[in-house]
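Here's the structure we're looking at; comments come further down.
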Amino acid sequence: MSGGVTKEDEAQLIELKNQQASTQRSLIQARGGLDAKKKLQKRSELTLKECHALPNETVTYKAVGRMFLKASLPKIKEDIKDIIIKAETDIASLEKQTTHLEKTLEQQQAAMRELISGKA
């Protein structure tokens, strides 16, 4: 760094960079989780739509680990609805978390710019 920067300023800058990197990692994880939950929700909605076209007497199977268990169609539909509801709540939570992390990242970037411009 230049001669006008103290060790305290250097430590502050390093700390801000570390916080910013941590926030960026968390933001990437949150966005990835959000995408995964949206895909799960969409896939479940499509599956439920297909199940509604079937008569209730249809023999259906549910995957459990590496095996399939026979289950009634109404039970399968209820399970899929539960998955959709849980995905919706998770999506709302992840969107809130993403918004918070984006604001935090902006604040950290502003603090870094202020520190750099104030010492230039």
Q) What heavy-atom pair brings Ile76 and Cys51 nearest, and what distance separates the two atoms? A) CG2-SG, 4.4 Å
Q. Below 4.0 angstrom, N of the basic side chain to O of the carboxylate: do Glu95 and Arg31 qualify?
A. no
**Q.** Exercise: identify the closest heavy-atom pair between Lys62 and Ala71
**A.** CB-CB, 4.5 Å
Q. Under the 4.5 Å side-chain heavy-atom rule for ILVMFWY, direct or indirect, which residues accompany Leu46?
A. none
Q. side-chain contact (heavy atoms from CB on, under 4.5 Å) between Leu40 and Arg43: does it pass, once the steps are laid out?
A. CA-CA 5 Å; Leu40 174 65; Arg43 188 174 55 239; 3.5 Å; yes
Q) Within a strict 4.5 Å, meaning less than it, do heavy atoms of the Asn56 and Lys77 side chains meet? A) yes
**Q.** Flag, side chain of Thr58 to backbone of Leu54, donor-acceptor distance under 3.5 Å
**A.** no
Q.
If you apply the rule side-chain contact (heavy atoms from CB on, under 4.5 Å), what do you find for Glu45 with Lys42, and how did you get there?
A. CA-CA 5 Å; Glu45 287 171 351; Lys42 183 67 174 174; 4.3 Å; yes
Q: Would you give the length of the straight line joining atom OG1 of Thr23 to atom CD of Glu106, rounded to the nearest 0.5 angstrom?
A: 12.0 Å
Q | side chain to side chain donor-acceptor pair (under 3.5 Å) against Glu78, all qualifying residues, sequence neighbours excluded | A | none
Q: Please report the shortest heavy-atom distance between Leu73 and Pro55, naming the atom on each side.
A: CD2-O, 3.2 Å
Q) Rounded to the nearest 0.5 Å, how far apart are OG1 of Thr104 and CD of Gln24? A) 12.0 Å
Q | Asp90 side, atom CG; Gln97 side, atom CD - distance, nearest 0.5 Å | A | 11.0 Å
**Q.** Shortest non-hydrogen contact from Ala30 toward Leu94
**A.** O-CD2, 4.2 Å
(Q) Restricting to non-hydrogen atoms, name the atom on Ile80 and the atom on Ser44 that form the minimum distance, rounded to 0.1 Å. (A) CG2-O, 3.3 Å
**Q.** Flag for Gln12-Glu8: side-chain donor and acceptor within less than 3.5 Å
**A.** no
Q | Trace of the side-chain contact (heavy atoms from CB on, under 4.5 Å) decision for Glu15 with Gln19 | A | CA-CA 6 Å; Glu15 179 63 27; Gln19 288 175 356; 3.3 Å; yes
Q: Establish, from distance only, whether the side-chain atoms of Thr6 and Asp9 form a donor-acceptor pair under 3.5 Å.
A: yes
(Q) To the nearest 0.5 Å, what is the distance between CG on Leu69 and NZ on Lys75? (A) 11.5 Å
**Q.** Pairing residues for Lys39 by the salt bridge (Lys or Arg N to Asp or Glu O under 4.0 Å) criterion, not counting sequence neighbours
**A.** none
Q: Give the minimum heavy-atom separation between Thr60 and Ser72, together with the two atoms involved.
A: OG1-C, 3.6 Å
Q) Which value, rounded to the nearest 0.5 Å, describes the distance between Ile14 atom CD1 and Lys7 atom NZ? A) 10.5 Å
Q.
If we ignore hydrogens and angles and just use 3.5 Å, is the side chain of Ser93 paired with the main-chain N or O of Thr89 as donor and acceptor?
A. no
Q: Output the distance between atom CD (Glu10) and atom CG (Leu115), rounded to the nearest 0.5 Å.
A: 10.5 Å
